[in-house]
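For reference, the structure discussed in these notes is given below.
In what follows, every heavy atom counts, from backbone to side chain, and hydrogens, waters and symmetry copies are set aside. Numbering of ligands and ligand atoms starts at 1, following listing order.
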Amino acid sequence: VLTPLGSLLDAARERPAAVGAFTVYTLEQAVAVARTAERRDAGVVMLLSDAAFRAPNGDLLAAAVVAIAARSRVPVCVQLDHVSDLERMRRALELGAGALMADGARLPYEENVALVRAAVELARAHDAVVEAELGHITGDEEIAHAVAAGALTDPDQASDFVSRTGASCLAVSIGNVHGRYREPPALDLERLAALRRRVPVALSLHGASGLPDALIDAAIRGGVAKINVNTELREQWFAAVAHHAPAHRDGLRLLALQERIVDSVAARVDSRLAAFERGAAVEPA
Ligand code: 13P
């Protein structure tokens with residue numbers, strides 16, 4: 001069922017655990033996320049990348065993802081990720097997105113505030129909410145290459161930012177990157193603790209691909225309530241196609257191949273969701 005992001009985040013913060021948010025570019029990926037979430041009885045977020053939404057069939061992909069989310073037995077929110085264009089935000093909301101990630105992290109501070117405020121106003125008219133980013137999570141959303149961490153989120157500025165924008169969730173930059181980690185990943189957990197003390201809304205951790213479970217646990221215990229994964233599911237999709245296509249070429253058995261791809265991506269979603277839940281099982285340090 002389509003569910004507002006707020007109720008997924010509230011449930012995660014209570015346990016505490018993190019809601020898994022997975023970027024989906026294909027039907028196989030979206031079905032894999034929905035099936036795994038149902039099997040685990042877990043609410044999830046399906047992320048639509050802004051590049052995928054901008055692509056020629058972006059509207060069709062959004063409509064398909066919303067339909068899969070709506071038919072799911074578990075709560076699912078569809079979110080347009082990393083978007084800075086208000087017109088595309090409006091279109092995504094009209095197509096059924098329940099959340100936006102308004103990304104003004106590359107803008108000067110006051111312009112980031114203005115963008116997020118405008119997004120919050122737009123979203124409110126559709127009963128949707130906005131996630132925003134402060135500091136800069138480096139890396140490319142669409143092309144996986146190794147990157148180093150960017151500007152880290154300042155806790156004092158974050159407190160001002162959230163109160164002035166009305167954002168419901170803040171994406172923090174604490175050493176996390178999009179894509180592949182150039183150095184062994186490390187998270188600034190003291191900064192996360194300071195952010196948790198200063199910021200009243202849910203915190204999200206982007207760039208979970210390549211983060212070991214121990215860091216995921218630490219982030220959840222530190223107050224992260226939403227964790228975004230993209231690169232790992234793209235990796236899994238490509239690996240599944242390469243592995244299974246040869247055996248299905250004879251007879252051009254496309255449907256069977258699609259099922260293998262779904263199973264393979266689902267296995268990766270499952271191991272990530274297990275890690276995001278495990279945060280709840282670990283006693284606070
Ligand atoms: P990764 O591609 O590093 O998993 O990051 C995903 C993300 O943060 C999407 O917003």
**Study point:** Within 45° cone and under 6.0 Å: Arg91 NZ/CZ vs Phe53 ring
**Key:** yes
Revision key, fill the gap. Between His178 and the options His206, His145, His136, the ring-ring contact (aromatic ring centres under 6.0 Å, His included) test singles out His206
Review point. How far apart are the C-alpha atoms of Leu187 and Leu192, what are their side-chain angles, what is the distance that settles it, and do they pass the side chain to side chain contact (heavy atoms under 4.5 Å, CB included) test?
Key: CA-CA 8 Å; Leu187 297 180; Leu192 177 61; over 6 Å; no
Check your understanding: Do Trp237 and Glu28 have side-chain atoms, one donor and one acceptor, less than 3.5 Å apart?
Key -> yes
**Study point:** Under 4.0 Å from ligand 1 - residues by heavy atom, chain and number
**Key:** Asp81, His82, Glu141, Val177, His178, Gly179, His206, Gly207, Ala208, Ser209, Asn228, Val229, Asn230, Thr231
**Study point:** Test applied, side chain to side chain contact (heavy atoms under 4.5 Å, CB included); reference residue, Leu211; option that passes from Val229, Leu205, Ile227
**Key:** Leu205
Revision key, fill the gap. Value for CG (Leu252) from CG (Leu254), rounded to nearest 0.5 Å, stands at 8.5 Å
